[in-house]
Amino acid sequence: MSYRMPIGPIHPMLKEPINFIFYLDGEIIVDAEPNIGYAHRGIEKLAENKTWFQNLYLLEKICGICSSAHQGCYAQGAEYIFDVEPPERALHIRVMMWELERIHSHLLWLGVVAHLLGFDTLFMYTWRDRERVLDIVEEISGRRVGYSINTVGGTRRDVDDNLLNKAKKVAEFILEQTKYYEKVFTEDKSLLIRTQNIGMLSKTDAIRLGTVGPTVRASDVKRDIRYNFPYAIYEETPFEVVTFDSCDVFSRVVVRIREMYVSAEIVKWIAENIPSGKVDLGISPFKKPPVNEAISIVEAPRGELYYYLKSNGDLKPERIKVRTPTLANIISVIHMIKGHYIADIPPIVGGIDPCMACMDRVLLVDINKEKKVVMDKEELIRYSIKWYKKNKDIVISERW
Amino acid sequence: MGALEELKNKLSEKFGDKIKLSEDKRGVLWIECDVSDFKEILAFLCELGYSHLSTITALDHLEENKFALIYHILSFENHPKIPICLRTYINRDSPEIETVLDIYPHALVYEREVFDLMGIKFKGHKGLKRLLIPEDAPEDYHPLRKDYKIEVGD
(Lines give C-alpha, C1' and ligand atoms only; values in the text may rest on other atoms or scores of the structure.)
Protein backbone atom coordinates (compact mmCIF):
# COMPACT_ATOMS: atom_id res chain seq x y z
CA MET A 1 0.00 0.00 0.00
CA SER A 2 1.47 3.36 -0.89
CA TYR A 3 1.42 6.36 1.36
CA ARG A 4 2.47 9.96 1.15
CA MET A 5 3.71 11.15 4.51
CA PRO A 6 4.64 14.76 5.19
CA ILE A 7 6.83 15.37 8.21
CA GLY A 8 7.27 18.83 9.55
CA PRO A 9 7.78 21.72 9.38
CA ILE A 10 10.49 20.75 11.79
CA HIS A 11 13.83 22.43 12.15
CA PRO A 12 16.74 20.19 11.38
CA MET A 13 18.59 23.08 9.79
CA LEU A 14 20.31 26.18 11.05
CA LYS A 15 17.92 28.80 9.83
CA GLU A 16 14.99 26.79 8.73
CA PRO A 17 12.49 24.39 10.17
CA ILE A 18 11.97 21.77 7.50
CA ASN A 19 9.14 19.81 5.97
CA PHE A 20 9.76 16.37 4.47
CA ILE A 21 7.32 14.53 2.27
CA PHE A 22 8.01 10.82 2.32
CA TYR A 23 6.62 8.50 -0.33
CA LEU A 24 6.08 5.12 1.23
CA ASP A 25 5.42 1.63 0.08
CA GLY A 26 3.97 0.12 3.24
CA GLU A 27 6.67 0.69 5.82
CA ILE A 28 9.44 1.30 3.30
CA ILE A 29 10.46 4.79 2.18
CA VAL A 30 10.59 4.99 -1.60
CA ASP A 31 11.38 8.66 -2.02
CA ALA A 32 11.57 11.82 0.00
CA GLU A 33 11.28 15.50 -0.76
CA PRO A 34 12.46 18.26 1.55
CA ASN A 35 10.83 21.69 1.69
CA ILE A 36 12.72 24.34 3.55
CA GLY A 37 12.31 28.01 4.25
CA TYR A 38 9.96 28.03 7.21
CA ALA A 39 12.28 30.21 9.24
CA HIS A 40 13.75 32.26 6.42
CA ARG A 41 14.59 35.55 8.06
CA GLY A 42 16.26 37.32 5.15
CA ILE A 43 19.51 37.73 7.05
CA GLU A 44 21.58 38.13 3.86
CA LYS A 45 19.46 41.09 2.77
CA LEU A 46 19.38 42.52 6.27
CA ALA A 47 23.18 42.28 6.48
CA GLU A 48 23.46 44.61 3.47
CA ASN A 49 21.65 47.25 5.51
CA LYS A 50 23.84 47.10 8.60
CA THR A 51 27.42 48.17 9.15
CA TRP A 52 30.35 45.79 9.15
CA PHE A 53 30.47 45.80 12.95
CA GLN A 54 26.74 45.51 13.49
CA ASN A 55 26.74 42.42 11.31
CA LEU A 56 28.94 40.62 13.85
CA TYR A 57 25.97 40.39 16.16
CA LEU A 58 23.42 39.76 13.43
CA LEU A 59 25.22 36.86 11.79
CA GLU A 60 25.93 34.99 15.01
CA LYS A 61 22.19 34.71 15.43
CA ILE A 62 21.93 32.49 12.35
CA CYS A 63 22.52 29.55 14.67
CA GLY A 64 22.18 29.27 18.40
CA ILE A 65 24.51 26.32 18.77
CA CYS A 66 27.35 27.18 16.40
CA SER A 67 27.10 30.94 16.82
CA SER A 68 30.83 31.28 17.39
CA ALA A 69 31.58 29.49 14.12
CA HIS A 70 29.36 31.95 12.24
CA GLN A 71 30.68 35.01 13.99
CA GLY A 72 34.28 33.86 13.77
CA CYS A 73 33.93 33.02 10.10
CA TYR A 74 32.46 36.44 9.40
CA ALA A 75 35.09 38.20 11.51
CA GLN A 76 37.81 36.31 9.67
CA GLY A 77 36.32 37.31 6.31
CA ALA A 78 35.92 40.91 7.43
CA GLU A 79 39.59 40.92 8.47
CA TYR A 80 40.46 39.85 4.91
CA ILE A 81 38.30 42.73 3.65
CA PHE A 82 39.86 45.29 6.01
CA ASP A 83 43.24 43.70 5.25
CA VAL A 84 44.33 43.39 8.88
CA GLU A 85 45.95 40.54 10.77
CA PRO A 86 44.46 39.85 14.20
CA PRO A 87 46.92 39.26 17.07
CA GLU A 88 48.07 35.69 17.71
CA ARG A 89 46.56 35.58 21.19
CA ALA A 90 43.15 36.55 19.79
CA LEU A 91 43.36 33.73 17.24
CA HIS A 92 44.14 31.27 20.02
CA ILE A 93 41.11 32.41 22.04
CA ARG A 94 38.96 32.24 18.92
CA VAL A 95 40.04 28.69 18.17
CA MET A 96 39.54 27.68 21.80
CA MET A 97 35.95 28.93 21.60
CA TRP A 98 35.43 27.10 18.30
CA GLU A 99 36.64 23.84 19.80
CA LEU A 100 34.67 24.22 23.04
CA GLU A 101 31.66 24.90 20.85
CA ARG A 102 32.36 21.77 18.82
CA ILE A 103 32.48 19.72 22.03
CA HIS A 104 29.19 21.02 23.36
CA SER A 105 27.54 20.77 19.96
CA HIS A 106 28.59 17.12 19.60
CA LEU A 107 27.50 16.37 23.19
CA LEU A 108 24.14 17.92 22.42
CA TRP A 109 23.86 15.81 19.30
CA LEU A 110 24.78 12.61 21.15
CA GLY A 111 22.06 13.35 23.67
CA VAL A 112 19.53 14.00 20.93
CA VAL A 113 20.41 10.76 19.15
CA ALA A 114 20.18 8.83 22.41
CA HIS A 115 16.78 10.42 23.00
CA LEU A 116 15.62 9.61 19.46
CA LEU A 117 16.58 6.00 20.04
CA GLY A 118 14.69 5.90 23.32
CA PHE A 119 17.71 6.02 25.63
CA ASP A 120 16.78 9.00 27.77
CA THR A 121 19.23 8.26 30.58
CA LEU A 122 22.11 8.75 28.20
CA PHE A 123 20.51 11.95 26.98
CA MET A 124 20.56 13.29 30.54
CA TYR A 125 24.16 12.18 31.04
CA THR A 126 25.47 13.92 27.93
CA TRP A 127 23.56 17.11 28.60
CA ARG A 128 24.81 17.13 32.20
CA ASP A 129 28.39 17.07 30.89
CA ARG A 130 27.53 19.68 28.30
CA GLU A 131 26.71 22.03 31.18
CA ARG A 132 30.35 21.92 32.28
CA VAL A 133 31.38 23.16 28.83
CA LEU A 134 28.69 25.84 28.79
CA ASP A 135 29.87 27.03 32.22
CA ILE A 136 33.44 27.56 31.06
CA VAL A 137 32.18 29.19 27.86
CA GLU A 138 30.12 31.54 30.01
CA GLU A 139 33.12 32.39 32.16
CA ILE A 140 35.23 33.18 29.10
CA SER A 141 32.70 35.17 27.09
CA GLY A 142 30.03 36.21 29.56
CA ARG A 143 27.24 34.31 27.85
CA ARG A 144 26.14 30.70 27.57
CA VAL A 145 24.94 30.99 23.98
CA GLY A 146 25.60 33.66 21.38
CA TYR A 147 28.98 34.44 22.91
CA SER A 148 29.80 37.57 20.86
CA ILE A 149 33.46 36.95 21.66
CA ASN A 150 34.82 37.82 18.20
CA THR A 151 35.23 41.21 16.65
CA VAL A 152 36.87 42.43 13.48
CA GLY A 153 40.55 42.38 14.39
CA GLY A 154 40.55 40.07 17.38
CA THR A 155 38.35 39.13 20.30
CA ARG A 156 36.38 41.29 22.69
CA ARG A 157 37.67 39.66 25.86
CA ASP A 158 40.94 38.33 27.16
CA VAL A 159 41.41 35.21 29.26
CA ASP A 160 43.57 35.01 32.39
CA ASP A 161 45.61 32.07 33.67
CA ASN A 162 42.91 31.03 36.11
CA LEU A 163 40.40 30.67 33.26
CA LEU A 164 42.88 28.78 31.13
CA ASN A 165 43.42 26.33 33.97
CA LYS A 166 39.69 25.89 34.30
CA ALA A 167 39.35 25.30 30.54
CA LYS A 168 42.09 22.71 30.76
CA LYS A 169 40.31 20.94 33.61
CA VAL A 170 37.08 20.90 31.61
CA ALA A 171 38.94 19.44 28.63
CA GLU A 172 40.37 16.70 30.85
CA PHE A 173 36.93 16.01 32.27
CA ILE A 174 35.52 15.74 28.73
CA LEU A 175 38.32 13.37 27.71
CA GLU A 176 37.42 11.13 30.64
CA GLN A 177 33.67 11.23 29.99
CA THR A 178 34.03 10.69 26.26
CA LYS A 179 35.69 7.34 26.97
CA TYR A 180 32.51 6.29 28.72
CA TYR A 181 30.28 7.47 25.86
CA GLU A 182 32.42 5.71 23.31
CA LYS A 183 32.08 2.51 25.34
CA VAL A 184 28.30 2.86 25.60
CA PHE A 185 27.68 3.75 21.97
CA THR A 186 29.96 1.06 20.57
CA GLU A 187 29.06 -1.79 22.93
CA ASP A 188 25.40 -1.38 23.84
CA LYS A 189 23.47 -3.94 21.82
CA SER A 190 20.24 -1.94 21.46
CA LEU A 191 22.08 1.17 20.27
CA LEU A 192 24.03 -0.89 17.75
CA ILE A 193 20.86 -2.42 16.31
CA ARG A 194 19.36 1.01 15.76
CA THR A 195 22.46 2.58 14.22
CA GLN A 196 24.40 -0.06 12.31
CA ASN A 197 23.70 -0.50 8.59
CA ILE A 198 21.19 2.33 8.66
CA GLY A 199 21.44 5.38 6.41
CA MET A 200 24.26 4.09 4.27
CA LEU A 201 26.17 6.72 2.29
CA SER A 202 29.02 5.30 0.25
CA LYS A 203 32.28 7.14 -0.30
CA THR A 204 31.56 7.99 -3.95
CA ASP A 205 28.02 9.13 -3.16
CA ALA A 206 29.26 11.32 -0.34
CA ILE A 207 31.63 13.08 -2.72
CA ARG A 208 29.08 13.24 -5.54
CA LEU A 209 26.41 14.78 -3.30
CA GLY A 210 28.76 17.38 -1.87
CA THR A 211 28.35 16.22 1.72
CA VAL A 212 30.36 18.10 4.34
CA GLY A 213 31.54 17.81 7.91
CA PRO A 214 31.31 14.75 10.16
CA THR A 215 28.82 13.19 7.74
CA VAL A 216 31.36 13.02 4.92
CA ARG A 217 34.12 11.93 7.28
CA ALA A 218 31.87 9.11 8.47
CA SER A 219 31.91 7.90 4.84
CA ASP A 220 35.68 7.55 5.07
CA VAL A 221 36.50 10.73 3.14
CA LYS A 222 39.26 12.83 4.65
CA ARG A 223 37.68 16.24 4.22
CA ASP A 224 38.17 18.76 6.97
CA ILE A 225 38.58 22.47 6.31
CA ARG A 226 40.88 22.71 9.33
CA TYR A 227 43.19 20.22 7.64
CA ASN A 228 42.70 20.91 3.92
CA PHE A 229 42.46 24.71 4.02
CA PRO A 230 44.05 25.68 7.35
CA TYR A 231 42.88 28.99 8.78
CA ALA A 232 43.58 30.87 12.04
CA ILE A 233 46.14 28.75 13.95
CA TYR A 234 45.22 25.30 12.69
CA GLU A 235 48.40 25.00 10.65
CA GLU A 236 50.54 24.77 13.80
CA THR A 237 47.95 23.05 16.00
CA PRO A 238 48.57 19.32 16.41
CA PHE A 239 45.40 17.43 15.56
CA GLU A 240 44.28 14.59 13.38
CA VAL A 241 41.28 14.24 11.09
CA VAL A 242 38.87 11.59 12.32
CA THR A 243 37.37 9.29 9.72
CA PHE A 244 35.47 6.03 10.02
CA ASP A 245 34.59 3.59 7.30
CA SER A 246 31.30 1.90 8.10
CA CYS A 247 29.35 4.69 6.29
CA ASP A 248 26.17 4.38 8.41
CA VAL A 249 24.63 6.22 11.35
CA PHE A 250 26.93 4.28 13.67
CA SER A 251 29.88 5.66 11.76
CA ARG A 252 28.60 9.20 12.27
CA VAL A 253 28.29 8.55 16.00
CA VAL A 254 31.85 7.23 16.21
CA VAL A 255 33.28 10.13 14.19
CA ARG A 256 31.59 12.71 16.42
CA ILE A 257 32.67 10.99 19.63
CA ARG A 258 36.28 10.79 18.46
CA GLU A 259 36.18 14.41 17.31
CA MET A 260 35.39 15.33 20.88
CA TYR A 261 38.71 13.79 21.94
CA VAL A 262 40.47 15.81 19.25
CA SER A 263 38.75 19.05 20.24
CA ALA A 264 39.46 18.51 23.94
CA GLU A 265 43.13 17.89 23.10
CA ILE A 266 43.22 21.14 21.09
CA VAL A 267 41.68 23.07 24.01
CA LYS A 268 44.34 21.59 26.31
CA TRP A 269 47.09 22.46 23.83
CA ILE A 270 45.89 26.05 23.53
CA ALA A 271 45.63 26.45 27.32
CA GLU A 272 49.28 25.47 27.55
CA ASN A 273 50.64 27.26 24.49
CA ILE A 274 48.73 30.53 24.27
CA PRO A 275 51.10 33.43 23.56
CA SER A 276 50.89 36.67 25.49
CA GLY A 277 50.02 40.02 24.00
CA LYS A 278 46.95 42.06 23.18
CA VAL A 279 43.77 40.54 21.83
CA ASP A 280 42.26 43.34 19.79
CA LEU A 281 43.51 45.77 17.16
CA GLY A 282 40.97 48.35 18.25
CA ILE A 283 39.55 49.09 14.82
CA SER A 284 36.93 51.83 14.97
CA PRO A 285 33.42 50.62 14.12
CA PHE A 286 33.16 53.62 11.81
CA LYS A 287 36.21 52.78 9.75
CA LYS A 288 35.40 52.25 6.08
CA PRO A 289 37.01 49.21 4.45
CA PRO A 290 38.65 49.35 1.00
CA VAL A 291 36.84 48.04 -2.10
CA ASN A 292 37.49 44.35 -1.75
CA GLU A 293 36.00 40.89 -1.78
CA ALA A 294 36.90 37.76 0.11
CA ILE A 295 35.84 34.27 0.95
CA SER A 296 36.10 32.78 4.41
CA ILE A 297 35.73 29.07 5.14
CA VAL A 298 35.72 27.42 8.54
CA GLU A 299 34.90 23.96 9.85
CA ALA A 300 31.80 24.50 11.97
CA PRO A 301 30.61 21.64 14.23
CA ARG A 302 28.33 20.49 11.41
CA GLY A 303 30.79 20.93 8.57
CA GLU A 304 32.11 23.40 6.08
CA LEU A 305 30.75 26.90 6.60
CA TYR A 306 31.26 29.20 3.62
CA TYR A 307 31.07 32.99 3.61
CA TYR A 308 31.48 35.31 0.65
CA LEU A 309 31.88 39.00 1.49
CA LYS A 310 32.03 41.99 -0.82
CA SER A 311 32.68 45.58 0.09
CA ASN A 312 32.20 48.63 -2.12
CA GLY A 313 34.18 50.91 0.15
CA ASP A 314 31.13 51.89 2.14
CA LEU A 315 30.35 51.49 5.82
CA LYS A 316 27.89 48.76 4.90
CA PRO A 317 28.77 45.60 2.97
CA GLU A 318 27.65 45.23 -0.64
CA ARG A 319 26.87 41.53 -0.32
CA ILE A 320 27.23 38.78 2.24
CA LYS A 321 26.58 35.22 1.22
CA VAL A 322 26.28 32.44 3.77
CA ARG A 323 26.27 28.74 2.94
CA THR A 324 25.49 26.71 6.01
CA PRO A 325 26.61 23.08 6.34
CA THR A 326 23.16 21.59 6.81
CA LEU A 327 22.04 22.95 3.44
CA ALA A 328 24.87 20.99 1.86
CA ASN A 329 23.95 17.84 3.78
CA ILE A 330 20.22 17.88 3.16
CA ILE A 331 20.61 16.33 -0.31
CA SER A 332 22.44 13.35 1.11
CA VAL A 333 19.64 12.70 3.64
CA ILE A 334 17.27 12.01 0.76
CA HIS A 335 19.76 9.57 -0.65
CA MET A 336 20.39 7.85 2.69
CA ILE A 337 16.79 7.42 3.67
CA LYS A 338 15.55 5.53 0.60
CA GLY A 339 14.75 1.89 1.26
CA HIS A 340 14.53 2.27 5.03
CA TYR A 341 11.62 1.88 7.45
CA ILE A 342 9.61 4.79 8.84
CA ALA A 343 11.10 3.90 12.21
CA ASP A 344 14.55 4.75 10.85
CA ILE A 345 13.65 8.36 10.01
CA PRO A 346 14.71 9.83 13.39
CA PRO A 347 18.24 8.36 13.46
CA ILE A 348 18.91 9.08 9.78
CA VAL A 349 17.60 12.64 9.72
CA GLY A 350 19.15 13.20 13.13
CA GLY A 351 22.34 11.58 11.91
CA ILE A 352 23.52 14.56 9.88
CA ASP A 353 23.23 16.65 13.04
CA PRO A 354 20.55 18.99 11.83
CA CYS A 355 20.31 21.95 14.16
CA MET A 356 17.86 20.61 16.78
CA ALA A 357 15.93 17.76 15.28
CA CYS A 358 12.59 18.97 16.49
CA MET A 359 9.96 17.06 14.63
CA ASP A 360 6.93 19.14 15.38
CA ARG A 361 4.25 17.01 13.92
CA VAL A 362 3.90 14.14 11.50
CA LEU A 363 0.94 13.61 9.24
CA LEU A 364 0.43 10.08 7.95
CA VAL A 365 -1.87 10.01 4.94
CA ASP A 366 -3.15 6.78 3.52
CA ILE A 367 -3.73 7.54 -0.16
CA ASN A 368 -6.14 4.65 -0.73
CA LYS A 369 -8.21 5.10 2.38
CA GLU A 370 -7.96 8.89 2.60
CA LYS A 371 -7.18 8.37 6.25
CA LYS A 372 -5.06 10.88 8.07
CA VAL A 373 -3.06 10.14 11.18
CA VAL A 374 -1.44 13.07 12.90
CA MET A 375 1.56 12.30 15.06
CA ASP A 376 3.63 14.70 17.06
CA LYS A 377 7.32 14.20 17.70
CA GLU A 378 6.90 12.24 20.91
CA GLU A 379 4.41 9.94 19.30
CA LEU A 380 6.69 9.31 16.35
CA ILE A 381 9.54 8.40 18.68
CA ARG A 382 7.27 6.14 20.73
CA TYR A 383 5.99 4.61 17.52
CA SER A 384 9.50 3.92 16.28
CA ILE A 385 10.60 2.39 19.58
CA LYS A 386 7.47 0.22 19.73
CA TRP A 387 7.91 -0.86 16.13
CA TYR A 388 11.45 -1.95 16.84
CA LYS A 389 10.41 -3.92 19.90
CA LYS A 390 7.75 -5.73 17.93
CA ASN A 391 9.83 -6.37 14.84
CA LYS A 392 13.13 -6.97 16.55
CA ASP A 393 13.56 -10.46 15.16
CA ILE A 394 12.93 -9.42 11.56
CA VAL A 395 15.34 -6.53 11.83
CA ILE A 396 18.06 -8.57 13.43
CA SER A 397 17.76 -11.34 10.89
CA GLU A 398 17.77 -8.80 8.04
CA ARG A 399 20.74 -6.90 9.30
CA TRP A 400 22.98 -9.72 10.40
CA MET B 1 53.22 28.89 -4.31
CA GLY B 2 54.40 26.17 -6.68
CA ALA B 3 51.04 24.44 -6.89
CA LEU B 4 49.23 27.67 -7.68
CA GLU B 5 51.59 28.54 -10.55
CA GLU B 6 51.23 25.04 -11.92
CA LEU B 7 47.45 25.26 -11.84
CA LYS B 8 47.48 28.68 -13.51
CA ASN B 9 49.77 27.39 -16.25
CA LYS B 10 47.51 24.42 -16.89
CA LEU B 11 44.47 26.68 -17.17
CA SER B 12 46.04 29.29 -19.43
CA GLU B 13 47.50 26.57 -21.63
CA LYS B 14 44.08 25.05 -22.11
CA PHE B 15 41.95 28.19 -22.38
CA GLY B 16 44.35 30.97 -23.35
CA ASP B 17 42.63 34.33 -23.70
CA LYS B 18 39.22 33.03 -22.73
CA ILE B 19 39.95 33.41 -19.04
CA LYS B 20 41.32 36.12 -16.79
CA LEU B 21 43.23 34.79 -13.78
CA SER B 22 43.98 36.64 -10.60
CA GLU B 23 44.84 35.66 -7.06
CA ASP B 24 44.29 37.39 -3.77
CA LYS B 25 46.53 37.60 -0.72
CA ARG B 26 44.96 34.55 0.91
CA GLY B 27 45.81 32.26 -1.98
CA VAL B 28 42.35 32.14 -3.56
CA LEU B 29 42.34 31.84 -7.35
CA TRP B 30 39.74 34.02 -9.07
CA ILE B 31 38.80 33.15 -12.64
CA GLU B 32 36.75 35.44 -14.83
CA CYS B 33 35.30 34.15 -18.06
CA ASP B 34 32.60 34.59 -20.64
CA VAL B 35 29.23 32.97 -20.02
CA SER B 36 29.62 30.81 -23.14
CA ASP B 37 32.81 29.20 -21.79
CA PHE B 38 32.13 28.80 -18.08
CA LYS B 39 30.75 25.30 -18.26
CA GLU B 40 33.67 23.98 -20.24
CA ILE B 41 36.05 25.45 -17.66
CA LEU B 42 34.08 23.99 -14.75
CA ALA B 43 34.08 20.56 -16.41
CA PHE B 44 37.84 20.81 -16.88
CA LEU B 45 38.36 21.84 -13.26
CA CYS B 46 36.11 19.02 -12.08
CA GLU B 47 38.36 16.59 -13.95
CA LEU B 48 41.37 18.15 -12.23
CA GLY B 49 39.87 17.20 -8.87
CA TYR B 50 37.71 20.22 -8.08
CA SER B 51 34.78 17.94 -7.38
CA HIS B 52 33.16 19.97 -4.61
CA LEU B 53 30.93 22.94 -5.40
CA SER B 54 30.63 24.86 -2.16
CA THR B 55 27.98 27.27 -3.29
CA ILE B 56 26.86 29.67 -6.01
CA THR B 57 26.78 33.39 -5.23
CA ALA B 58 24.76 35.78 -7.35
CA LEU B 59 25.57 39.49 -7.30
CA ASP B 60 23.37 42.23 -8.61
CA HIS B 61 25.19 44.98 -10.51
CA LEU B 62 22.26 47.31 -10.97
CA GLU B 63 24.14 50.21 -12.62
CA GLU B 64 25.83 48.02 -15.22
CA ASN B 65 22.58 46.14 -15.82
CA LYS B 66 24.04 42.70 -15.24
CA PHE B 67 24.27 39.87 -12.74
CA ALA B 68 27.50 38.24 -11.70
CA LEU B 69 27.50 34.57 -10.77
CA ILE B 70 30.34 33.15 -8.74
CA TYR B 71 30.88 29.40 -8.55
CA HIS B 72 32.90 28.56 -5.45
CA ILE B 73 34.68 25.26 -5.89
CA LEU B 74 37.11 23.34 -3.72
CA SER B 75 39.42 20.42 -4.27
CA PHE B 76 40.30 18.32 -1.28
CA GLU B 77 42.51 15.76 -2.94
CA ASN B 78 44.66 17.12 -5.76
CA HIS B 79 45.25 20.81 -5.21
CA PRO B 80 45.03 21.46 -1.51
CA LYS B 81 44.86 24.99 -0.15
CA ILE B 82 43.74 26.67 -3.39
CA PRO B 83 40.03 27.52 -3.37
CA ILE B 84 38.76 28.67 -6.77
CA CYS B 85 36.04 31.22 -7.45
CA LEU B 86 34.84 31.33 -11.05
CA ARG B 87 32.97 34.46 -12.03
CA THR B 88 30.83 35.05 -15.05
CA TYR B 89 28.37 37.79 -16.04
CA ILE B 90 24.91 37.58 -17.52
CA ASN B 91 22.50 40.18 -18.79
CA ARG B 92 20.09 41.54 -16.20
CA ASP B 93 17.13 41.81 -18.57
CA SER B 94 16.98 38.14 -19.48
CA PRO B 95 18.78 36.37 -16.64
CA GLU B 96 19.42 32.87 -17.90
CA ILE B 97 22.40 30.55 -17.58
CA GLU B 98 23.14 26.89 -18.22
CA THR B 99 22.71 24.55 -15.28
CA VAL B 100 25.77 22.76 -13.87
CA LEU B 101 23.79 19.82 -12.51
CA ASP B 102 25.48 17.42 -14.93
CA ILE B 103 28.89 18.34 -13.50
CA TYR B 104 27.93 18.95 -9.86
CA PRO B 105 24.75 17.06 -8.85
CA HIS B 106 24.75 18.85 -5.52
CA ALA B 107 24.20 22.21 -7.26
CA LEU B 108 20.51 21.35 -6.96
CA VAL B 109 19.76 23.39 -3.87
CA TYR B 110 22.20 26.18 -4.69
CA GLU B 111 20.64 26.81 -8.11
CA ARG B 112 17.19 26.80 -6.57
CA GLU B 113 18.38 29.28 -3.96
CA VAL B 114 19.77 31.65 -6.60
CA PHE B 115 16.61 31.32 -8.68
CA ASP B 116 14.51 32.06 -5.63
CA LEU B 117 16.33 35.10 -4.29
CA MET B 118 17.79 36.63 -7.47
CA GLY B 119 15.45 35.36 -10.16
CA ILE B 120 18.09 33.81 -12.38
CA LYS B 121 16.82 30.91 -14.47
CA PHE B 122 18.94 27.82 -14.98
CA LYS B 123 18.45 26.21 -18.38
CA GLY B 124 18.14 22.46 -18.11
CA HIS B 125 17.34 22.38 -14.40
CA LYS B 126 14.17 20.32 -14.09
CA GLY B 127 12.09 21.16 -11.06
CA LEU B 128 13.51 24.64 -10.67
CA LYS B 129 11.28 26.19 -8.05
CA ARG B 130 11.51 28.44 -5.04
CA LEU B 131 13.56 27.14 -2.13
CA LEU B 132 13.19 29.56 0.77
CA ILE B 133 10.33 31.91 -0.06
CA PRO B 134 6.81 30.41 -0.16
CA GLU B 135 5.86 29.16 -3.60
CA ASP B 136 2.79 31.35 -3.79
CA ALA B 137 4.88 34.55 -3.73
CA PRO B 138 4.53 36.78 -6.83
CA GLU B 139 6.63 35.67 -9.77
CA ASP B 140 8.83 38.75 -9.86
CA TYR B 141 9.48 38.77 -6.11
CA HIS B 142 13.24 38.37 -5.77
CA PRO B 143 14.33 40.19 -2.61
CA LEU B 144 18.10 39.95 -2.94
CA ARG B 145 18.04 42.17 -6.02
CA LYS B 146 19.34 45.66 -5.36
CA ASP B 147 16.17 47.35 -6.58
CA TYR B 148 14.24 45.63 -3.80
CA LYS B 149 14.28 47.96 -0.81
CA ILE B 150 13.53 46.88 2.72
CA GLU B 151 10.49 48.64 4.07
CA VAL B 152 11.04 49.76 7.63
CA GLY B 153 7.94 49.51 9.77
CA ASP B 154 6.95 51.83 12.58
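Computation of the quantities below employed the complete heavy-atom set of this structure, encompassing side-chain atoms and omitting hydrogens, waters and symmetry-equivalent molecules. Small disclaimer: the values here were computed from a predicted structure and weren't measured. Below, read A as the first sequence line, B as the second, and so on, with proteins coming before strands; counting in each chain starts at 1.
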Partners of B:Ser36 by side-chain hydrogen bond (donor to acceptor under 3.5 Å, both in side chains), sequence neighbours excluded?
-> B:Asp34
Just do the side-chain contact (heavy atoms from CB on, under 4.5 Å) check on B:Glu32 and B:Tyr89 with the steps written out, would you?
-> CA-CA 9 Å; B:Glu32 210 176 302; B:Tyr89 293 99; 3.5 Å; yes
Can you name the salt bridge (Lys or Arg N to Asp or Glu O under 4.0 Å) partners of B:Arg112, sequence neighbours left out?
-> none
A:Tyr307 vs A:Tyr74 aromatic rings, parallel, tilted or perpendicular, using cut-offs 30° and 60°?
-> tilted
Among residues 231-243 of chain A, those lying within the under-4.5 Å heavy-atom range of chain B are A:Glu235
Between A:Arg208 and chain B, which part of the residue has a heavy atom less than 4.5 Å away: side chain, backbone, both or neither?
-> both
Contact part of B:Asp60 toward chain A, heavy-atom cut-off under 4.5 Å: side chain, backbone, both or neither?
-> backbone
Heavy-atom pair with the smallest gap, counting every atom of A:Ile297 and B:Pro83 = CD1-CG, 4.4 Å
Identify which part of B:Lys149 has an atom lying under 4.5 Å from any heavy atom of chain A, answering side chain, backbone, both or neither.
-> neither
Would a distance-only check, ignoring hydrogens and angles, find a side-chain to backbone donor-acceptor pair under 3.5 Å from A:Asn312 to A:Glu318?
-> no
Checking heavy atoms, do the side chain of B:Ile56, its backbone, both or neither come under 4.5 Å from chain A?
-> backbone
Looking only at B:Leu74, B:Ile70, B:Leu108, most heavy-atom pairs under 4.5 Å shared with chain A are made by B:Leu74
With only heavy atoms counted, which part of A:Thr211 is less than 4.5 Å from chain B, the side chain, the backbone, both or neither?
-> backbone
So, is the end of the A:Lys222 side chain (NZ or CZ) under 6.0 Å from the ring centre of A:Tyr227 and within 45° of the ring's axis?
-> yes
Quick one: salt bridge (Lys or Arg N to Asp or Glu O under 4.0 Å) partners of A:Asp224, sequence neighbours excluded?
-> A:Arg217, A:Arg226
Proximity breakdown for A:Lys321 and chain B, heavy-atom pairs closer than 4.5 Å | side chain
Least distance between heavy atoms, A:Pro317 atom then A:Thr51 atom | CD-C, 4.3 Å
Using non-hydrogen atoms and a 4.5 Å limit, figure out which bit of A:Tyr308 sits close to chain B: side chain, backbone, both or neither.
-> side chain
Taking B:His106 for the side chain and B:Leu53 for the main chain, is one N or O donor matched with an acceptor at less than 3.5 Å?
-> yes
Please flag which part of A:Ile331 lies under 4.5 Å from any non-hydrogen atom of chain B: side chain, backbone, both or neither.
-> side chain
Output the option from A:Arg223, A:Arg323, A:Arg319 having the highest count of non-hydrogen pairs under 4.5 Å with chain B.
-> A:Arg223
What about the rings of B:Tyr104 and B:Tyr110, do their centers lie closer together than 6.0 Å?
-> no
